[in-house]
Amino acid sequence: MSIRCRFAPAPSGSLHVGNVRTGLFSWAYARHHGGAFVLRIEDTDASRVTEEAVHGVVESLMWLGIDWDEGPDVGGPHAPYRQSQRMEVYGEHADRLVSDGAAYRCYCTPEELEERRQAALAHGEPPGYDGRCRRLTDAERRALEEEGRPFALRFAMPEREHVVRDLVKGEVRFRAGTLRDFVIMRSDGSPTFLLAVAVDDMLMGITHVIRGDDLLAAAPRNAAVIEALGGTPPAFAHVPQVNGPDGRPLSKRHGSTSVEAFREHGILPEALVNYLALLGWSKDDHTTFLSRDELTAAFDLDRVSSNPAMFDSQKLEWMNNHYIQTLDDDDDLAARCLHFLSVAGLTPELGLLRRAMPLVRERMKTLAESVELLTFLFTDDVEPNEKARALLEKAGGEYLRKAADALAAVEPWTAGAIQATLDAVAGEAGLNRTKGWQPIRAAATGSNVSPPLPESLELLGRERTVARIQGAAR
RNA sequence: GGUCCCAUCGUCUAGUGGCCCAGGACACCACCCUCUCAAGGUGGAGACACGGGUUCAAACCCCGUUGGGACUACCA
């Protein structure tokens with residue numbers, strides 16, 4: 001039987017990296033085994049879901065290079081792939097469960113439920129649903145019906161031990177009686193997550209459910225519903241959560257942890273995928289860099305770690321720098337930087353930008369850093385920063401004028417010739433390179449930090465270089 | 001409270017009874033390289049949560065403790 005995996009995000013907010021990591025594992029597992037990967041949008045809570053949010057999920061996954069065979073945009077044999085469009089399906093299955101005696105009408109109101117929960121807590125008893133409506137006599141039921149009481153549909157959890165053979169956690173046992181009857185259909189007729197997932201996974205032929213371990217306790221319920229419906233439950237693999245710096249599972253309150261945020265921060269998709277792949281999974285004892293293809297070739301669930309991992313953005317950035325360095329196509333890198341320069345209000349000339357790439361590629365942890373590294377090339381509005389001003393002041397107008405004059409005469413205008421001239425000017429003043437060059441750097445780039453000076457000046461051009469140094473000399 | 005999950009350097013991890021007084025990577029420190037900043041090179045410091053077992057032998061197996069986390073909703 002061919003493997004079928006799915007990723008089923010709720011598009012309520014943005015797709016955060018913890019969530020995506022789970023999707024990545026699911027995708028990698030499917031691809032590794034030559035199976036199918038399904039994207040399903042979990043929007044039973046339809047009110048808060050916007051079209052935009054769904055689009056955001058699709059965008060983020062595509063950017064990462066995670067592709068799917070069936071989904072809301074591409075369709076497939078089990079369409080539709082948005083739960084909000086499958087309400088009838090859930091209704092039919094809920095009815096079947098009721099007529100088969102696997103689910104029952106629960107007339108308890110939310111207020112009553114809450115009251116009993118509090119009472120149980122006060123007596124030191126477990127607070128779950130007490131199963132009251134499951135044990136109603138026919139007469140009681142009839143009375144409630146005649147009252148016109150609204151009801152929810154509750155699944156009658158078989159009262160036995162439930163065992164989940166999890167591919168990551170191993171055999172997990174839930175003692176009889178600890179899993180209570182749960183609502184599958186709200187009194188307003190809308191299905192709950194617990195019904196929708198089970199029905200969809202069954203109908204869509206999902207063979208392996210790979211998801212966060214916060215859903216581990218949902219697995220026996222999912223399986224029970226599918227069994228009651230006459231289906232075969234999928235295999236489960238519950239991967240641990242990704243934690244934030246505070247050691248708690250990543251969520252909205254950790255700030256910018258969405259895929260989109262990393263993209264806007266100048267992280268390369270191949271770096272994010274690589275980093276995420278190694279968060280909770282390892283190929284062996286030493287592999288650090290993997291392409292998507294290498295990942296799918298090597299990935300399997302038996303090497304997924306069972307303990308939670310903390311997200312380390314420093315390591316991500318280190319890895320990002322590696323990918324930027326190894327992106328040896330200057331045009332490609334320039335194109336990727338262009339976006340960030342544009343956002344910063346610059347309009348770089350493409351040829352110049354491309355020629356600047358060798359100077360900055362090993363200096364950027366993120367593409368966004370290309371802005372501060374290269375602004376001096378794409379604007380003549382260079383206002384020296386504090387340290388640059390100090391350097392200029394210390395050097396004095398005399399020195400700068402001499403340097404400007406010498407540079408004006410450099411022929412040809414190449415990094416090599418420029419370097420020789422800079423050395424000559426510094427030497428004449430009795431300065432070493434550091435002391436002699438820093439004022440020039442400050443004048444030409446407006447900063448005490450820049451890409452290598454002679455190469456930077458070569459790109460800047462003679463005219464602009466000389467003008468800036470003369471300007472700074474006044 | 002109950003149920004369940006988890007526990008190796010600060011972080012991500014390798015390790016499935018002897019190869020481990022624990023290996024790699026990020027971060028950190030030092031040195032080298034060096035026009036600034038990076039990158040790169042070399043070296044260093046740094047962990048098996050604790051307590052009991054089992055065994056000739058335990059990071060690895062069992063039990064307990066402690067500490068994290070999840071679930072316990074007409075959220076997903």
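Within every chain, numbering begins at 1; the chains are lettered A, B, ... in the order of the sequence lines, protein sequences first and strands thereafter.
Straight-line distance from the CG atom of A/D214 to the P atom of B/G68: 20 Å, rounded to whole Å. Distance, A/N385 CG to B/U36 P: 17 Å, rounded to whole Å. Here B/C37 presents its P atom at 20 Å from CD1 of A/I324, a figure rounded to the nearest Å. A/R248 has its CZ atom 16 Å from the P atom of B/G67, to the nearest Å. If you measure from atom OH of A/Y399 to atom P of B/C35, you get 14 Å, rounded to the nearest angstrom. Distance A/K315 NZ to B/C28 C1': 14 Å, rounded to the nearest Å. Atoms CG (A/D285) and P (B/A25) sit 11 Å apart, rounded to a whole Å. One atom, NE2 of A/H286, and another, P of B/G15, lie 12 Å apart when rounded to the nearest Å.
Looking at heavy-atom distances under 4.0 Å, A/L453 makes contact with a base. Within the nucleic acid shown, A/R303 comes within 4.0 Å of sugar-phosphate atoms alone, with no base atom in reach, counting heavy atoms only. Within 4.0 Å of A/Q325, counting heavy atoms only, lie sugar-phosphate atoms of the nucleic acid but no base atom. A/R180 comes within contact range of no nucleotide atom at all, as no heavy-atom separation falls under 4.0 Å. At the heavy-atom level, A/P451 lies under 4.0 Å from base atoms of the strands shown. Looking at heavy-atom distances under 4.0 Å, A/G280 makes contact with sugar-phosphate atoms alone, never a base. Using a 4.0 Å heavy-atom criterion, one finds that A/C108 contacts the bases of the nucleic acid, with or without backbone contacts as well.
Note on A/W318: a side-chain N or O is less than 4.0 Å away from OP1 or OP2 of B/C26. Phosphate contact (OP1/OP2 of B/A76, side-chain N/O of A/R186, threshold under 4.0 Å): present. For B/U34, the OP1/OP2 oxygens have no side-chain nitrogen or oxygen of A/R433 closer than 4.0 Å. At B/A39, none of the side-chain N or O atoms of A/R361 fall inside 4.0 Å of OP1 or OP2 (strictly under the cut-off).
Under the side-chain contact (heavy atoms from CB on, under 4.5 Å) test applied with A/V360, the options A/S456, A/C337, A/P451 reduce to a single match, A/P451. A side-chain contact (heavy atoms from CB on, under 4.5 Å) with A/L272 is found for one member of A/I267, A/L24, A/N320 and no other, namely A/I267. The ring pair (Phe, Tyr, Trp, His ring centres under 6.0 Å) with A/Y275 is formed by just one residue from the set A/F262, A/W281, A/F311; it is A/F311.
A distance of about 35 Å separates the C1' atoms of B/A45 and B/G53, rounded to the whole Å. The C1' atoms of B/A73 and B/A58 are separated by 44 Å, rounded to the nearest whole Å. Comparing the P positions of B/C26 and B/G44 gives an interatomic distance of 15 Å, to the nearest angstrom. Taking atom C1' on both B/U34 and B/U42, the two are 16 Å apart, rounded to the nearest angstrom. Comparing the P positions of B/U8 and B/A47 gives a spacing of 14 Å, expressed to the nearest Å. When the C1' atom is compared between B/A7 and B/C60, the two are found 14 Å apart, to the nearest whole Å. Annotation: B/A30 and B/G64 have their C1' atoms spaced 45 Å apart (nearest Å). A gap of 46 Å separates the C1' atoms of B/G43 and B/C4, to the nearest Å.
Counting only N and O atoms by type, the side chains of A/E317 and A/N321 include no donor and acceptor under 3.5 Å apart. Between the side chains of A/R441 and A/Q438, at least one donor N or O sits under 3.5 Å from an acceptor N or O.
Toward the 5′ end of RNA chain B lies the nearest nucleotide of A/V449, the other residue of the pair A/D188 and A/V449 mapping further downstream. Mapping A/N448 and A/F151 onto RNA chain B by nearest heavy atom places A/N448 closer to the 5' end of the strand.
Side chain A/K365 to base B/A38: no donor-acceptor pair is found below 3.5 Å. In this model, no side-chain donor or acceptor of A/T434 finds a partner on the base of B/C35 within 3.5 Å.
The A/R154 side chain lies nearest to B/C74 when the options are B/C35, B/C74, B/A25. When each of B/C71, B/A76, B/C12 is scored by its nearest atom to the side-chain atoms of A/A309, the top-ranked nucleotide is B/C12.
Both distances falling under 3.5 Å, in either a Watson-Crick or a G-U wobble arrangement, occur for no nucleotide opposite B/U36. For B/U3, the paired nucleotide is B/A70, the pair qualifying as Watson-Crick or G-U wobble because both relevant distances are below 3.5 Å. The partner of B/A30, taking Watson-Crick or G-U wobble pairs whose two distances both stay under 3.5 Å, is B/U42. Here B/C21 sits opposite no nucleotide as a Watson-Crick or G-U wobble pair (both hydrogen-bonding atom distances under 3.5 Å). When Watson-Crick and G-U wobble pairs are counted only if both distances are under 3.5 Å, B/A58 pairs with no nucleotide at all. Base pairing annotation: B/A47 forms no Watson-Crick or G-U wobble pair, as no partner gives both donor-acceptor distances under 3.5 Å.
With sequence neighbours left out, the ring-ring contact (aromatic ring centres under 6.0 Å, His included) criterion links A/H238 to A/F236.
Between A/Y323 and A/F289, the ring-plane angle classifies as perpendicular under the 30° and 60° cut-offs.
For the pair A/E369 and A/R363, the salt-bridge criterion is not met [side-chain N within less than 4.0 Å of a carboxylate O]. Salt-bridge check for A/E161 with A/R175: failed, with every basic side-chain N at 4.0 Å or more from each acidic carboxylate O.
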Any protein N or O atoms within reach of nucleotides 3-6 of chain B? Criterion: under 3.5 Å, listing atom names and distances.
unit_1: B/U3; atom_1: OP1; unit_2: A/R175; atom_2: NH2; d: 3.1
unit_1: B/C5; atom_1: O2'; unit_2: A/K169; atom_2: NZ; d: 2.6

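Nearest heavy atoms, A/W437 versus A/L453: O-CD2, 3.6 Å.
Between A/Y129 and A/F182, the distance separating the two ring centers is not shorter than 6.0 angstrom.
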